[in-house]
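Working notes, beginning with the structure itself.
Just so we're clear, the structure is a prediction, and the values are computed from it rather than from any experiment.
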Amino acid sequence: MFKYSFLNLIRQSFKKHKDWPQAWRKPDPKKSYDVIIIGAGGHGLATAYYLAKEHNIHNIAVLERSWLGSGNTARNTTIIRSNYLLNESSDLYEFSLKLWKKLGSELNYNIMFSPRGLLTLAHSEHDLYQLKRRVYALNLKNIDSDILDIDQIKKLCPILNFSPYLRYPILGASFQKRAGIARHDAVAWGFARACSNYGIDIIENCEVKGLKIINNQINGVETTRGFIETKKVGCVVAGHTSILAEMAGLKLPISSIALQAMVSEPVKPILDPIVMSNAIHVYVSQSAKGELVLGAGVDGYNSYGQRGSAHITEKTINALTELFPTFGRLKMMRQWAGIVDVCPDASPIIGQTPIKGFYINGGWGTGGFKATPGSGWIFAYTIAQDQPHKLNEAFSLERFRSGYLIDEHGAAGVAH
């Protein structure tokens with residue numbers, strides 16, 4: 001599956017790991033491109049990749065104000081799933097989950113995709129009712145999801161606290177077997193190398209400072225490395241979508257908030273499935289290195305700081321040890337925050353804008369990483385065809401005018 005990468009690793013070992021070839025080219029920007037993608041995170045790189053692969057557009061620049069993957073792509077908890085409630089959401093995330101399954105082979109890059117299943121815990125009769133509603137809706141669309149009783153949960157995750165005297169005792173759970181995790185950095189690196197092989201220019205340390213618009217048509221972007229002409233711009237800058245949109249004179253219904261995550265010291269394999277609890281408010285998985293990767297809810301105020309608040313960290317750790325007393329003596333190694341764009345209905349904006357040639361992909365809230373390949377695929381289609389794909393028709397800006405919102409607050413897994 002990764003034959004080329006393995007042979008290359010052996011070849012480089014004989015050179016004592018000196019003079020490694022660049023994974024992707026580092027060109028200077030050209031004067032003009034057919035398409036410019038702003039943001040070299042997972043979604044932006046995936047968009048560029050699928051523009052080349054699916055639509056034969058190669059004269060593309062991906063602009064990144066810092067280093068590649070420095071934003072939310074490297075600042076999340078890597079959970080991948082498709083168990084959303086509404087048809088529009090489940091269709092999109094299911095499409096993405098199917099792409100995840102073959103993505104490592106397609107990119108010839110080990111993204112460490114690990115489908116180990118996701119347990120979403122119920123702590124009340126109301127929780128169970130909501131989970132059953134979601135499971136039945138998913139089953140109608142032939143998307144795998146099941147309701148588990150206590151004995152079934154114990155077989156999957158025996159180290160959970162099943163005491164009936166808990167503040168929120170475990171009454172049941174939903175389970176999606178195909179859900180999993182992937183290595184976020186590897187996803188960005190794999191897409192970057194594939195883009196570079198297609199001749200796409202990835203230009204790091206190139207911040208966009210303005211958009212040139214003439215007669216309601218994009219004509220180029222002003223950057224810290226000069227002006228670049230183009231007729232099409234895709235904005236994929238999680239956390240800063242509203243800032244880029246403001247350069248085009250657009251005001252979006254988006255709030256930017258810090259979402260924290262943290263990892264523990266590594267331990268031997270002990271937690272197989274991903275475990276999520278909305279009531280106790282934590283989600284946790286174990287990485288390939290043995291670290292526990294955990295997160296919870298967003299901060300209570302708007303921010304662009306990649307730190308988060310101390311009280312959120314404390315509540316997240318308290319929630320973890322309530323569900324898993326055996327983790328109580330683990331040390332936390334590091335903590336960080338990503339900046340998430342949150343729309344009023346907890347669903348993204350993917351599509352055209354009133355500015356011709358200016359397209360937006362943002363507002364993913366806490367669900368951006370899991371959608372990476374699917375998001376890139378449909379956004380590439382939208383840019384290339386200048387019209388939405390059927391999978392993102394409902395996620396247009398127009399829904400905030402018409403009132404046809406896609407309310408996914410509950411299925412998003414944590415309260416926004």
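Scanning both residues, C235 and L244, for their nearest heavy atoms gives SG-CB, 3.5 Å. Across every non-hydrogen atom of M112 and A288, the tightest pair is CE-CB, 3.5 Å. The shortest heavy-atom contact between I203 and P27 is CG1-O, 4.1 Å. Among all heavy-atom pairs drawn from A122 and L131, the shortest one is CB-CD1, 3.7 Å. For the residue pair Q352 and P388, the shortest heavy atom distance occurs at OE1-CD, 3.4 Å. Of all heavy-atom pairs between S277 and I280, the closest is OG-N, 3.1 Å.
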| task | Any chance you could lay out the side chain to side chain contact (heavy atoms under 4.5 Å, CB included) test for D28 and D201, step after step, and finish with the verdict? | result | CA-CA 8 Å; D28 292 323; D201 287 352; over 6 Å; no

| field | Steps toward side chain to side chain donor-acceptor pair (under 3.5 Å) verdict (E408, Y93) | value | CA-CA 12 Å; E408 284 288 6; Y93 286 105; over 6 Å; no

| request: In sequence, state the C-alpha distance, the side-chain angles, and the governing distance for S105 and L103, and then conclude on side chain to side chain contact (heavy atoms under 4.5 Å, CB included). | output: CA-CA 5 Å; S105 178; L103 187 61; over 6 Å; no

| request: Apply salt bridge (Lys or Arg N to Asp or Glu O under 4.0 Å) to D345 and R399, showing your working. | output: CA-CA 10 Å; D345 57 356; R399 77 179 188 268; 2.8 Å; yes

| query | Hey, mind stepping through S285 and V293 against side chain to side chain contact (heavy atoms under 4.5 Å, CB included) and telling me if it holds? | reply | CA-CA 5 Å; S285 64; V293 184; 4.1 Å; yes

| query | Does the side chain to side chain contact (heavy atoms under 4.5 Å, CB included) test come out yes or no for V62 and I200, once each step is laid out? | reply | CA-CA 8 Å; V62 183; I200 295 167; 4.0 Å; yes

| field | Verdict with reasoning, F395 to W364, per ring pair (Phe, Tyr, Trp, His ring centres under 6.0 Å) | value | CA-CA 11 Å; F395 294 96; W364 286 92; 7.3 Å; no

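The number of heavy-atom neighbours closer than 6.0 Å to NZ of K231, taken from other residues, nucleotides and ligands shown, is above 12. Counting heavy-atom neighbours within 6.0 Å of K26 NZ, excluding the residue itself, gives a total above 12. Dense packing is recorded around CZ of R178, with more than 12 heavy atoms of other residues, nucleotides or ligands lying under 6.0 Å away. Residue R225 places its CZ atom among more than 12 non-hydrogen atoms of other residues, nucleotides or ligands, all under 6.0 Å distant. Other residues, nucleotides and ligands contribute only 12 or fewer heavy atoms inside 6.0 Å of the CD atom of E246. At most 12 heavy atoms of other shown residues, nucleotides or ligands fall within 6.0 angstrom of atom CD in E125.
Put simply, the side chain of T230 never gets that close to the backbone of S32: no donor and acceptor are under 3.5 Å apart. When atom types are taken as modelled, the side chain of T321 and the backbone of I317 share a donor-acceptor pair closer than 3.5 angstrom. Put simply, the side chain of R116 never gets that close to the backbone of P273: no donor and acceptor are under 3.5 Å apart. Between the side chain of S375 and the backbone N or O of A371, no donor-acceptor pair lies under 3.5 Å. Side-chain N or O atoms of T120 include none that pairs as donor or acceptor with a backbone N or O of M276 at under 3.5 Å. Within the 3.5 Å criterion, the main-chain N or O of G368 finds a donor-acceptor partner in the side chain of H43. The backbone N or O of E322 lies less than 3.5 Å from no partner atom in the side chain of R167, so there is not a single donor-acceptor pair. Judged by distance alone, the side chain of Q176 and the main-chain N or O of S82 form a donor-acceptor pair under 3.5 Å. When atom types are taken as modelled, the side chain of N139 and the backbone of D144 share no donor-acceptor pair closer than 3.5 angstrom. Panel note: side chain Q335, backbone R307; a donor-acceptor pair is recorded below 3.5 Å.
Here the CG atom belonging to D185 is positioned 10.5 Å from the OG1 atom belonging to T78, to the nearest 0.5 angstrom. Separating the SG atom in C195 from the NZ atom in K53 is a distance of 12.5 Å, to the nearest 0.5 Å. Rounded to the nearest 0.5 angstrom, I80 CD1 and H184 NE2 are separated by 11.0 Å. Atom OH of residue Y301 and atom OG of residue S309 lie 3.0 Å apart, to the nearest 0.5 angstrom. To the nearest 0.5 angstrom, L51 atom CG is 10.0 Å from T382 atom OG1. Here the NZ atom belonging to K141 is positioned 9.5 Å from the CD atom belonging to E94, to the nearest 0.5 angstrom.
Ring pair F191/Y50 is perpendicular by interplanar angle, where above 60° counts as perpendicular and below 30° as parallel.
Between the side chains of N59 and K30, at least one donor N or O sits under 3.5 Å from an acceptor N or O. Looking at Q260 and T313, their side chains do bring a donor and an acceptor atom within 3.5 Å of each other. For the 3.5 Å distance criterion, the side chains of D341 and T241 qualify, holding a donor opposite an acceptor.
Counting heavy atoms from C-beta on, the side chains of E88 and L391 never come closer than 4.5 Å. Between I355 and I218, some side-chain heavy-atom pair lies under the 4.5 Å cut-off. Counting only heavy atoms from C-beta outward, the side chains of I181 and I274 approach each other to under 4.5 Å. With a 4.5 Å cut-off on side-chain heavy atoms, S70 and E64 count as touching. Annotation: side chain of I349 is not in contact with side chain of N361 (no heavy-atom distance under 4.5 Å). At least one side-chain heavy atom of W100 sits less than 4.5 Å from a side-chain heavy atom of T372. Residues K102 and L107 form no side-chain contact, since every pair of their non-hydrogen atoms from C-beta on lies 4.5 Å or further apart. Using a 4.5 Å heavy-atom cutoff, the side chains of K31 and I228 are not in contact.
Taking the charged nitrogens against the carboxylate oxygens, K390 and E393 have no contact shorter than 4.0 Å, which rules out a salt bridge. Using a 4.0 Å cut-off between charged nitrogen and carboxylate oxygen, E291 and R334 count as a salt-bridge pair.
A cation-pi arrangement is absent between K232 and Y359, since the terminal nitrogen or guanidinium carbon is not both under 6.0 Å from the aromatic centre and inside a 45° cone about the axis. The side-chain tip of K101 does not point at the ring of F113 from less than 6.0 angstrom away and within 45° of straight on.
For F95 and W377, the ring centers sit closer than 6.0 Å to each other. Taking the six-membered ring for Trp and the full ring otherwise, the centers of H240 and Y304 sit less than 6.0 Å from each other.
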